Number of protein chains: 2
Amino acid sequence: MSLVKKCTMQKPPSFVLDGQGPLFKQIGRAVTEQILKGRYKQGERLPSEAELTTIFDTSRQTVNKAISELAKHGLVERNRRAGTVVSWQFQERFILPLRDVSDELEQNNQIYEYRIIERKVITNGKGGITWGALPAGANLLYLETIHLADGLPVQLETRYINFDAFPEVEHETFAERSPSKWLLENIPWSEVDHTVRATNASAELANKLGVKVGAACLVVDRQTFHRGKPITFVHLIYPGDRFSIKGKFSLANGEE
Amino acid sequence: MSLVKKCTMQKPPSFVLDGQGPLFKQIGRAVTEQILKGRYKQGERLPSEAELTTIFDTSRQTVNKAISELAKHGLVERNRRAGTVVSWQFQERFILPLRDVSDELEQNNQIYEYRIIERKVITNGKGGITWGALPAGANLLYLETIHLADGLPVQLETRYINFDAFPEVEHETFAERSPSKWLLENIPWSEVDHTVRATNASAELANKLGVKVGAACLVVDRQTFHRGKPITFVHLIYPGDRFSIKGKFSLANGEE
DNA sequence: AAGTGGTCTAGACCACACG
DNA sequence: GTGTGGTCTAGACCACTTC
């Protein structure tokens with residue numbers, strides 16, 4: 001029996017606190033730093049919370065808060081007994097924020113307007129329109145809205161609202177607030193479902209958006225629910241050359 | 001002097017713990033629940049941490065953890081002295097995950113393959129190619145890769161790697177691992193920048209992706225950095241009819 | 001001045017998974 | 001069993017902001 005198991009030559013601590021901001025963030029950065037430097041490789045185990053507690057001379061809570069945050073961002077994985085190891089892949093979590101058009105445009109100092117093109121109550125399943133989340137025969141408020149930036153169309157919104165569940169929309173003209181804003185301010189929601197894809201503009205769409213027939217457009221489909229109850233389904237179409245979704249992510253600062 | 005300031009008819013506590021999982025999550029759900037129910041409206045102030053501590057008969061830490069989490073998700077905003085109020089808009093945080101193609105396909109039980117179409121070292125700024133993050137004249141490793149699902153093209157990848165900073169890529173054939181996977185496993189990164197938009201397929205692109213000329217395609221541009229040093233720029237093109245980005249978000253469970 | 005959230009401590013018990 | 005992270009407590013000091 002050997003006395004030591006290969007004497008893994010205790011690595012230099014080398015964690016450096018920068019003195020900026022809260023301790024738990026400093027610790028998070030220090031550890032992230034060492035991982036990025038390759039000091040801890042993928043699959044490799046980090047010091048336990050107990051060890052980090054002594055390394056940084058702090059309480060376990062603080063260490064836990066720091067490392068749990070890294071785990072939330074997917075940089076490390078934590079397991080009881082097995083300890084904390086560096087993730088093998090953390091590319092799965094690239095993240096894109098999706099914002100309301102009007103907010104997006106305001107930030108760019110563009111002038112935002114919208115116009116309701118059409119408004120009617122329709123029956124789910126008829127006229128070729130079916131919203132799978134609701135049974136056929138349900139009443140839907142149909143709204144078609146065009147959103148403009150500096151007078152140029154940037155988004156065509158086709159919306160269906162669960163009319164039976166929210167009959168109060170009948171008396172809303174959406175003159176003051178766009179349907180999107182009105183819903184957000186008046187109807188609570190708890191779940192959202194998104195799909196983003198690309199499509200070619202049909203003749204009708206091209207006309208409404210002021211682009212050429214066949215032009216590539218970005219399409220965002222969004223379904224909103226509250227406790228499983230469907231609220232609204234919205235189909236957003238953007239001219240491909242006038243709109244894009246942008247997102248940044250930085251490991252050092254946390255999210256976004 | 002009136003004795004009471006209008007006696008704001010102490011609202012019924014009405015927070016309900018469901019007994020499922022950790023206390024701080026139960027509290028988070030209970031509070032979220034009341035907000036969604038409209039019991040606390042937008043801009044309205046929540047009970048302070050001290051009050052919640054007595055309401056839930058727990059420690060302040062636990063309450064803090066619960067409510068801070070809601071704040072991270074954008075449901076509420078916290079301010080010193082002013083207290084915690086329900087956010088006016090929390091639509092800004094709709095989130096879309098972006099995943100590696102191969103992972104995406106694996107999940108759908110589709111067969112994944114890739115082929116390197118072209119590989120060469122080029123000079124930044126020449127041949128009409130400029131990567132703004134690097135100076136003109138820098139060396140770039142150019143890689144063009146096609147990714148297939150069940151034998152059908154789903155992604156055309158055009159990639160530039162900062163060759164001067166990572167000369168080790170010269171000897172990598174990317175035969176075992178796609179450039180994307182190889183980079184993720186061998187080069188540390190700390191910042192990512194994304195843009196998603198739609199575009200019409202050029203003749204060349206249409207040919208490579210096996211779609212019609214002019215077909216709408218989804219384009220993802222991704223720049224990756226490490227401590228501000230550019231690593232790679234990649235231009236991913238998906239046939240619009242064969243690919244979409246999907247994301248779900250639920251307030252009740254936390255993220256994603 | 002006073003109330004709020006932000007952070008930190010030093011302890012504790014527990015569930016889980018590995019040996 | 002034993003070490004790990006997950007959670008919780010009861011206290012504390014501080015910074016900020018509104019009152």
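Every value quoted in this text rests on a predicted model; they were computed, and no experiment measured them. Naming convention: chains lettered A, B, ... in sequence-line order (proteins, then strands); numbering from 1 in each chain.
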Next on the checklist: Any base atoms under 4.0 Å from B:Leu23, or only sugar-phosphate, or nothing? Heavy atoms, all strands.
Outcome noted: sugar-phosphate

Item to check | Between D:dT7 (P) and B:Leu17 (CG): distance, integer Å | outcome: 16 Å

Checklist entry - Is a donor-acceptor pair below 3.5 Å formed from side chain A:Glu51 to base D:dT4, judging by atom type as modelled? => result no

Checklist entry - Over how many whole Å does the gap from A:Gln20 atom CD to C:dT7 atom P extend? => result 15 Å

Checklist entry - Going by modelled atom types, is there a donor-acceptor pair between the base of D:dT4 and the side chain of A:Arg78 at under 3.5 Å? => result no

Checklist entry - Is any side-chain nitrogen or oxygen of B:Thr84 closer than 4.0 Å to OP1 or OP2 of C:dG5? => result yes

Next on the checklist: Please report the distance, rounded to the nearest Å, between NZ in A:Lys72 and C1' in D:dG5.
Outcome noted: 15 Å

Checklist entry - With nearest nucleotides of DNA chain C determined for A:Ala82 and A:Gly21 from heavy-atom distances, which residue corresponds to the more 5′ nucleotide? => result A:Gly21

Show the distances under 3.5 angstrom between N or O atoms of the protein and N or O atoms of nucleotides 12-14 of chain D.
| unit_1 | atom_1 | unit_2 | atom_2 | d |
| --- | --- | --- | --- | --- |
| D:dA12 | N6 | B:Arg60 | NH1 | 3.3 |

Item to check | Which residues share a side-chain contact (heavy atoms from CB on, under 4.5 Å) with A:Gln223, sequence neighbours left out | outcome: A:Trp131, A:Ala133, A:Asp193, A:Phe225, A:Phe233

Checklist entry - A:Glu49 CD to D:dC8 C1': how many Å, rounded? => result 14 Å

Checklist entry - Does B:Ser68 place a side-chain N or O at less than 4.0 Å from the phosphate oxygens OP1/OP2 of C:dG5? => result no

Checklist entry - Can you find a side chain N or O atom of B:Thr62 that sits less than 4.0 Å from OP1 or OP2 on D:dT7? => result no

Next on the checklist: Applying side-chain hydrogen bond (donor to acceptor under 3.5 Å, both in side chains), can you list everything that pairs with B:Ser68, at least two apart in sequence or on another chain?
Outcome noted: B:Asn64

Checklist entry - Can you list the residues that meet the side-chain contact (heavy atoms from CB on, under 4.5 Å) rule with B:Arg227, with sequence neighbours excluded? => result A:Glu33, A:Lys37

Next on the checklist: Expressed as a whole number of angstroms, how long is the span from A:Ile27:CD1 to C:dT7:P?
Outcome noted: 13 Å

Checklist entry - Which part of the nucleic acid does B:Gln61 contact within heavy-atom distance under 4.0 Å: base, sugar-phosphate only, or nothing? => result base

Item to check | N/O (side chain, A:Asn64) to phosphate O (OP1/OP2, D:dT7) under 4.0 Å | outcome: no

Checklist entry - So, B:Lys181 and B:Asp103, do they make that salt bridge, N to O below 4.0 Å? => result yes

Checklist outcome for this item: Applying side-chain contact (heavy atoms from CB on, under 4.5 Å) to A:Glu168 and not counting sequence neighbours gives A:Phe166, A:Trp182, A:Ile187

Item to check | Listed partners of A:Glu51 passing side-chain contact (heavy atoms from CB on, under 4.5 Å), at least two apart | outcome: A:Pro47, A:Ser48

Item to check | For atom CD of A:Glu77 and atom P of D:dG6, their distance in whole Å | outcome: 12 Å

Next on the checklist: Any carboxylate oxygen within less than 4.0 angstrom of a Lys/Arg side-chain nitrogen, looking at A:Lys72 and B:Glu69?
Outcome noted: yes

Next on the checklist: Tell me the interatomic distance from B:Arg45, atom CZ, to D:dT18, atom P, rounded to whole angstroms.
Outcome noted: 11 Å

